[in-house]
Amino acid sequence: MTDGRFCIAIDGPAAAGKGTISRAVAARFGFAHLDTGLLYRAVGMKGGDPIAAARGLCEADLARDDLRSLGAGEAASRVAVIPEVRAALLAFQRDFAARDGGAVLDGRDIGTVICPDADVKLFVTASAEVRAARRFAEIGEGTLAEVLEQVRARDARDMGRADAPLKPADDAVMLDTSDLSIDAAVAQACALIAATLGDQRPR
Ligand code: CDP
């Protein structure tokens, strides 16, 4: 950590638990949190030219109440393959990561592209079946089979794209939450971060 800056990158596939872990970690350590998926969801839902939407993204776009829907997730993963869209969202994410007082960013490419020098990198996973069940319980939209199909399609698109594909950074710590309660997953993430913060304090 330099100048009170400490950056935590949390990546992983849809509904693996990134959001819950990120919010809990941010609250525990007093860091700011950015859910970068919301940026892509907002671009996807804005309609029209996605590149123009990404370049002109504003607070009101991020305040829509339909950004958590299945449709928004699908729209997000479609615009997320466009390199110009990703480029337009890069500076905002890097500025957020560099803020004083610490930052937690969760997404798909935080540890690999946005913050390759992050102090802690976590890659949160779970089986597709577990993730679909969680997402289904969370949003109560469609059927479980439809949600599972969408989770698989989104995984394939996110991992298969040429620009910033979803993959763990070489130095990421893997956290498989398939058989973990949310409290246990949060505890593991917090222990890892506390150890790293401790390591960086002057001896
Ligand atoms: O909450 P969930 O994990 O389902 O999705 P999200 O994090 O809100 O991300 C929605 C979609 O945005 C993903 O499927 C990715 O295609 C895209 N995304 C991305 O490409 N890069 C990021 N840093 C965050 C999201």
Side-chain angles (χ1 to χ4, degrees), residues 5 7-19 22-23 26 31-99 103-118 121-125 128 131-132 135 138-139 141-142 146-147 149-170 172:
R5 290 180 187 177
C7 177
I8 300 172
I10 302 187
D11 292 302
K18 301 182 303 287
S22 302
R23 281 189 296 277
F31 296 159
H33 170 227
L34 178 65
D35 170 0
T36 65
L38 269 191
L39 306 176
Y40 293 90
R41 286 170 180 264
V43 170
M45 292 302 273
K46 204 164 170 184
D49 172 21
I51 299 172
R55 290 182 180 152
L57 205 64
C58 63
E59 288 294 326
D61 299 327
L62 296 171
R64 296 173 62 131
D65 58 9
D66 56 357
L67 295 183
R68 297 276 168 209
S69 64
L70 282 183
E74 181 71 16
S77 86
R78 291 184 187 280
V79 298
V81 304
I82 305 169
E84 291 86 350
V85 166
R86 307 198 71 84
L89 302 176
L90 185 84
F92 177 78
Q93 295 175 80
R94 287 217 174 127
D95 285 350
F96 190 95
R99 63 171 51 208
V104 184
L105 284 80
D106 78 85
R108 300 291 187 287
D109 61 341
I110 308 303
T112 51
V113 174
I114 305 294
C115 306
D117 296 327
K121 296 181 186 177
L122 271 179
F123 195 87
V124 184
T125 59
R131 291 186 286 120
R135 186 50 46 95
E138 187 186 355
I139 57 176
E141 231 188 287
E146 281 165 2
V147 176
E149 194 183 320
Q150 206 215 42
V151 158
R152 289 201 168 118
R154 207 132 69 78
D155 284 355
R157 201 178 295 128
D158 288 349
M159 291 188 285
R161 70 183 174 222
D163 191 19
L166 169 65
K167 64 171 181 197
D170 290 341

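As the structure is a prediction and not an experimental result, all values here were calculated from the model. FYI, side chains are in, hydrogens and waters are out, and symmetry mates aren't considered; it's all heavy atoms of this structure.
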Are the side chain of [X] and the backbone N or O of [Y] linked by a donor-acceptor pair below 3.5 Å?
X    : Y    : value
K18  : P13  : yes
R55  : A88  : no
R161 : V81  : no
K121 : P116 : yes
D95  : F92  : no
E141 : L70  : yes
R41  : L67  : yes

>> Counting only heavy atoms from other residues, nucleotides and ligands, does the tally under 6.0 Å from CG of D170 exceed 12?
In response: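 It does not: D170 CG has 12 such atoms or fewer within range.
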>> I need the S22 OG to F31 CZ distance, nearest 0.5 Å.
In response: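 Answer rounded to 0.5 Å: 12.5 Å.
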> Would R86 and D109 count as a side-chain contact (heavy atoms from CB on, under 4.5 Å) if you check the C-alpha gap in whole Å, the side-chain angles of each, and the deciding distance to 0.1 Å?
Replying inline: CA-CA 10 Å; R86 307 198 71 84; D109 61 341; 2.9 Å; yes
>> Assess the residue pair D106 and H33 against the criterion (side-chain contact (heavy atoms from CB on, under 4.5 Å)); give the C-alpha distance rounded to whole Å, side-chain angles, the decisive distance to 0.1 Å, and a yes or no.
In response: CA-CA 8 Å; D106 78 85; H33 170 227; 2.6 Å; yes
> Is a salt bridge present between R152 and E149, judged by a nitrogen-to-oxygen distance below 4.0 Å?
Replying inline: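 Not counted as a salt bridge, because no side-chain N and carboxylate O are separated by less than 4.0 Å.
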>> By the definition salt bridge (Lys or Arg N to Asp or Glu O under 4.0 Å), identify the one residue from D155, D11, D35, D158 that meets it with R108.
In response: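 Only one option passes, and that is D158.
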> Would E74 and R157 satisfy salt bridge (Lys or Arg N to Asp or Glu O under 4.0 Å), going step by step from the backbone distance to the final call?
Replying inline: CA-CA 10 Å; E74 181 71 16; R157 201 178 295 128; 3.1 Å; yes
> After noting the C-alpha distance and the side-chain angles of I110 and T36, does the key distance pass the side-chain contact (heavy atoms from CB on, under 4.5 Å) rule?
Replying inline: CA-CA 9 Å; I110 308 303; T36 65; 3.7 Å; yes
